[in-house]
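Have a look at the structure below before the remarks.
We number each residue from 1, following the sequence as shown.
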Amino acid sequence: MNTHLRRAAVALAAVSMAAGLGACGKAKEAGGGDTKKEGKGSLTIGLLLPENQTARYERFDKPLIEKKIKELAGTDTVVLYENAKQDASVQQQQVDTMITKKVDALIVDSVDAKSIASSVKKANDKGIPVVAYDRLAEGPVKAYTSVDNERVGKIQGESLLKELGDNASKGQIVMMNGSVTDPNAKMYKDGAHSVLDGKVKIGKEYDTKEWKPENANENMKGAISSLGKDNIVGVYSANDGMAGGIITALKSAGFDKLPPVTGQDAELSAVQRILSDEQFMSVYKPYKPEADAAAEMAVALAKGKALDGIAKSTVDSGTQKKIPSIIVTPFALTKADIGKYVGQEGFFNRDEICTEKYKAQCDAAGIK
């Protein structure tokens, strides 16, 4: 072959290759080459949780979500995890990182439901669907799962009233609500007020900054100083971490008998306090169905699938209407209830609860 013919053959081959690459590119743009959308390739799912002071996130939520994602999408699926440690600005940076890493979907339990909205929009603009987990983030979220939060507050209020009995009219209660940056806190508070208002006098009420036990402790000290310990017949605490700080303040004040204190999350330390008659009750929120729902919605969205067959209800946020949602039912947890949950997935086993310090209480409660 002479030089001119050889050059013509090379040029023709280059043109054919370019045309083939262009056709492949167009096929991928049309969706034919996106193996992730077809469920044939591994997915990368981002998981952002808000804090690590509440033991549930690291102990239950994270491993349960990771496990379910891999069950649904394959063991080669990558779950990228970050914890914001109660810092909203850190969580916003974490969203940016997830966008840079081009995750296929993002599960976010927001530190601040309002401030995260701009980050949710950034992800959405890059084609990354966001599932709001446990707290309803604002912005263009594609799905939401949580417990029935107003029901949580009602359970706490109803349990407290029942325990108070005739004492409800003989003194005042202190209400220790959660952080104003958490939309769930308002729902807990509204639920509790719907039960407590008119049935018992609320002597002092606080919105506790960042849900921190030390802040609840300081608030409780102030309430005791203001109301007098003899006038406090009960304490509504929105969660278990704060209940721990409240009970420390009550003990320091020298209460002969601790008034009933509520809680939420069924944390290990709270379960042990309930067995020891220090904390009256908590609210057990089954973590597995909530975690499973988040994983199922995230995987479906990552594959470009609709949620019609998964989410049977919708909710509205401050910025978004008709968000597909799955809402889980919570349950009261008193000493009498602990035994039936021990060893279940999403709860503690006997060895974790019944350490040497609590062996006698476990035996008395019939925990096996």
Partners of Asp87 by salt bridge (Lys or Arg N to Asp or Glu O under 4.0 Å), sequence neighbours excluded? none
Check: Ser269 main-chain N/O paired with Glu267 side-chain donor or acceptor under 3.5 Å: no
Asp134 side, atom CG; Glu290 side, atom CD - distance, nearest 0.5 Å: 4.5 Å
Holding to salt bridge (Lys or Arg N to Asp or Glu O under 4.0 Å), I want the full list of residues that pass it with Glu51, two or more places apart in sequence or in another chain. none
Check this for me: does any side-chain nitrogen of one of Asp351 and Lys368 sit under 4.0 Å from a carboxylate oxygen of the other? no
With sequence neighbours left out, which residue pairs that include part of residues 310-368 fulfil the disulfide (SG to SG under 2.5 Å) condition? Cys354-Cys362
Checking Glu278 against Lys251 for the side-chain contact (heavy atoms from CB on, under 4.5 Å) test, could you report, in this order, the C-alpha distance in whole Å, the side-chain angles of both residues, the deciding distance, and whether it holds? CA-CA 10 Å; Glu278 292 184 336; Lys251 286 181 174 180; 2.4 Å; yes
So, applying side-chain contact (heavy atoms from CB on, under 4.5 Å) with Ile99, which one of Thr97, Val103, Val95 is it? Val95
I'd like to know if the side chain of Asn217 and the backbone of Pro213 have a donor-acceptor N/O pair within less than 3.5 Å. no
Is it true that Asp96 and Lys101 make a salt bridge, defined as a side-chain N closer than 4.0 Å to a carboxylate O? no
Among pairs that include at least one residue of residues 220-242, which meet salt bridge (Lys or Arg N to Asp or Glu O under 4.0 Å), considering only residues two or more places apart or in two chains? Glu218-Lys221
Mutual orientation of the aromatic rings belonging to Tyr284 and Tyr341 [parallel < 30°, tilted 30-60°, perpendicular > 60°]: tilted
Less than 4.0 Å between a side-chain N and a carboxylate O, is that true for Asp277 and Lys335? yes
List in chain and number order the residues that pass ring-ring contact (aromatic ring centres under 6.0 Å, His included) with Phe280, two or more places apart in sequence or in another chain; answer none if no residue qualifies. none
Stacked cation flag Lys285 on Phe331, 6.0 angstrom / 45 deg: no
Under the salt bridge (Lys or Arg N to Asp or Glu O under 4.0 Å) test, which residues partner Glu345, sequence neighbours left out? Lys67
